[in-house]
Amino acid sequence: MESQTDTGQMEQRKGRRLVLFPLPFQGHINPMLLLATILHSKGFSITIIHTNFNSLNPSNFPNFTFHSIPDGILESEASSKDVVALAKLLNTKCVEPFRDRMVKLLSDVSEEPISCLISDAFFYFTQAVADSLRLPRVVLRTGGLSSFVVFVAFPLLRERGYLPIQDSQLEEPVAELPPLKVKDLPVIDNVDPDSYYEIIAGMVNESKASSGIIWNSFEELERSELDTLRQEFPNPIFPIGPFHKYYLTSSSSSLLDQDQSSISWLDKQAPKSVIYASFGSLAALSEAQFLEISWGLANSNQPFLWVVRPGLVCGSEWLEPLPSGFLDTLNGRAHIIKWAPQLEVLAHPAVGAFWTHNGWNSTLESICEGVPMICMPCFTDQKVNAKYVSQVWKVGLQLENGSDRLEIERCIRRLMVEKEGEEIRDRISKLKDKAKFCLQRGGSSLQNLDSLVSHIFKLES
Ligand code: UDP
């Protein structure tokens, strides 16, 4: 990965430290730790500051230095389903402990000097802390560029009456952001809208105020959104993804144990026959939705590997809502686990489709393995990602009526059996190639990574 012309710079860089601060959710931790591994390979020393809440395991990353900060998040707050309230709390309660830790790190002369802070975009409070310490701050946005463009447009969408969403307008197009309809706007049901607008504004504005924004995406995937942002934002933008495809030895940053039995089960299935279903680390389903999904999968006649995370179904511990004997009737056609080694699963030749909630990591991981998607977004940027998958890149099908067992069955058949599915598979395999090329010599993401490294180098005071 290291270009020869870099060698001189690399020498100078030795002895420089970066401090990274991930937001403590799985979909934010994974890309931040991968970014740390990429930048470490470029010669930087890495310090990770993390919260006690969803604390990281330093023994998985012996090359990095870890510091945990007391975030003051109560058990009841941590287990709440209200991610907006939790994000707001993290941005208030972490201010003092984070600042104290940064002051200690900056004054520690036994360590290498710190070039900059790299913070998750949703830890927007860190811009003010970095400014007060005269430390440059670069942001990692762990979602896609397409949804970020929509977040940037929130003030306009509110002014023009698209937000807050009215049920009567769901099917109307958002003329300013084609091909989105009102129902695709990245909102969250059942949270306080003002709090949500506040954290989105914090994320957008403090990203704009930062010294640069890093994206786990690649130019060939989101070029027009990149052009839009480069026009609207004064600071440099670095799409250097897909992070997990740099082929550096990277440890797992999974908060849950990944059940390896999924791989031995997949080994016994026919090529491209299995539907892998997983809805990420935060999404929740009602019992009724869960049952429709179970019957849709069962009636599809395809084998399926399903991640049912403990707590996925509201009011249940795990699989209690399934009718008794449900799995027995499927004669080994189903394998249900609590958490999967998702990257290995998607790369397995037996997997033919990914039924996903379209979290950005899952979406990108599916594209990188050329696995077509069935899209069932739950909230926020997932809605925009699902629309791009189904209507812009045309590499998946979106379930339009929530979770209705007949629609599910029909959708699986369209993707796995019918000609439409073949065309979708062709398109995603071309996109997979593009994802591969951008990390080859001269590829866009490697060039952007070189620019990022030079940029960080110039930031030093
Ligand atoms: N993941 C995993 N095992 C699972 C489900 C998910 O390792 O059973 C990983 C997945 O590979 C991805 C992350 O968890 O990197 C989920 O991030 P995403 O943005 O897709 O969704 P979120 O959890 O943030 O909603």
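Ligands are counted one by one from 1 in listed order, and the atoms in each one are counted from 1 as well. All residue numbers refer to positions in the sequence shown, counting from 1. These values consider heavy atoms only, across backbone and side chains, with no hydrogens, waters or symmetry-generated copies.
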Handout entry: Side-chain ion pair, E77 and K88, N-O less than 4.0 Å
Key = no
Exercise for the section: Give a yes/no on ligand 1: does N30 have at least one heavy atom closer than 4.0 angstrom to it? Expected result: yes
Exercise for the section: Taking the side chain as every heavy atom from C-beta outward, state whether F122 and I200 have any pair of such atoms under 4.5 Å apart. Expected result: yes
Fill in the blank from the handout: In this structure, CG of L20 is separated from OG1 of T47 (nearest 0.5 Å) by 9.0 Å
Exercise for the section: May I ask whether Y276 places a heavy atom under 4.0 Å from ligand 1? Expected result: yes
Practice task
Tell me which protein heavy atom sits closest to atom 19 (O) of ligand 1, plus the residue, atom name and distance to 0.1 Å.
Solution key: N361 ND2, 2.8 Å
Handout entry: Distance filter under 4.0 Å to Q258 heavy atoms, resulting ligand 1 atoms
Key = 7 (O)
Exercise for the section: Could you note down all residue pairs passing side-chain hydrogen bond (donor to acceptor under 3.5 Å, both in side chains) where residues 327-343 supplies at least one of them, sequence neighbours left out? Expected result: S254-W339, S261-H335, Y276-Q342, Q342-S362, Q342-E365
Handout entry: Polar contact flag for F279 and ligand 1 (N/O pairs, less than 3.5 Å)
Key = no
Completion exercise
atom 11 (O) of ligand 1: closest protein heavy atom, distance to 0.1 Å, is E365 OE1, 2.7 Å
Handout entry: Aromatic plane relationship, F61 with F64 - under 30° parallel, 30 to 60° tilted, over 60° perpendicular
Key = parallel
Problem - pair L330-F304: side-chain heavy atoms closer than 4.5 Å - result: yes
Fill in the blank from the handout: Of all protein heavy atoms, the one nearest atom 20 (O) of ligand 1 is S362 OG, 2.5 Å
Exercise for the section: State if W339 counts as touching ligand 1 under the rule of any non-hydrogen atom under 4.0 Å. Expected result: yes
Exercise for the section: For G280, take its heavy atoms, then give the atoms of ligand 1 lying under 4.0 Å from any of them. Expected result: 23 (O)
Which pairs of donor and acceptor atoms, one on a side chain in residues 345-358, lie under 3.5 Å apart (sequence neighbours left out)?
| unit_1 | atom_1 | unit_2 | atom_2 | d |
| --- | --- | --- | --- | --- |
| H348 | ND1 | A350 | N | 3.0 |
| H348 | NE2 | D267 | OD1 | 2.7 |
| T356 | OG1 | N358 | N | 2.8 |
| H357 | NE2 | G359 | N | 3.4 |
| N358 | ND2 | T363 | OG1 | 3.3 |

Handout entry: Distance filter under 4.0 Å to V307 heavy atoms, resulting ligand 1 atoms
Key = 8 (O)
Problem - Ligand-side contact atoms (ligand 1) for residue partner G27, heavy atom cut-off under 4.0 Å - result: 17 (O), 24 (O)
Handout entry: S278 touching ligand 1 at heavy-atom level, < 4.0 angstrom
Key = yes
Handout entry: N-O pairing of K430 and E220 below 4.0 Å
Key = no
Problem - Working for side-chain contact (heavy atoms from CB on, under 4.5 Å), residues L56 and S253 - result: CA-CA 7 Å; L56 302 178; S253 49; 5.5 Å; no
Problem - Ligand-side contact atoms (ligand 1) for residue partner A340, heavy atom cut-off under 4.0 Å - result: 2 (C), 3 (N), 4 (C), 7 (O), 8 (O)
Problem - Ring centroid separation Y196 to F379 under 6.0 Å - result: no
Exercise for the section: Might you work through the side-chain contact (heavy atoms from CB on, under 4.5 Å) test for F21 and I118, ending with a clear yes or no? Expected result: CA-CA 6 Å; F21 188 35; I118 302 184; over 6 Å; no
Completion exercise
At under 4.0 Å between heavy atoms, what of S281 touches ligand 1? The answer is both
Problem - Atom indices of ligand 1 within 4.0 angstrom of W360 heavy atoms, with elements - result: 19 (O)
Practice task
May I ask you to list the atoms of ligand 1 that are less than 4.0 angstrom from any heavy atom of G359?
Solution key: 18 (P), 19 (O), 20 (O), 21 (O)
Practice task
Using non-hydrogen atoms of the residue, decide whether H244 is closer than 4.0 angstrom to ligand 1.
Solution key: no
Completion exercise
Restricting to heavy atoms, the pick from R309, Q26, Q342, H357 nearest atom 21 (O) of ligand 1 would be H357
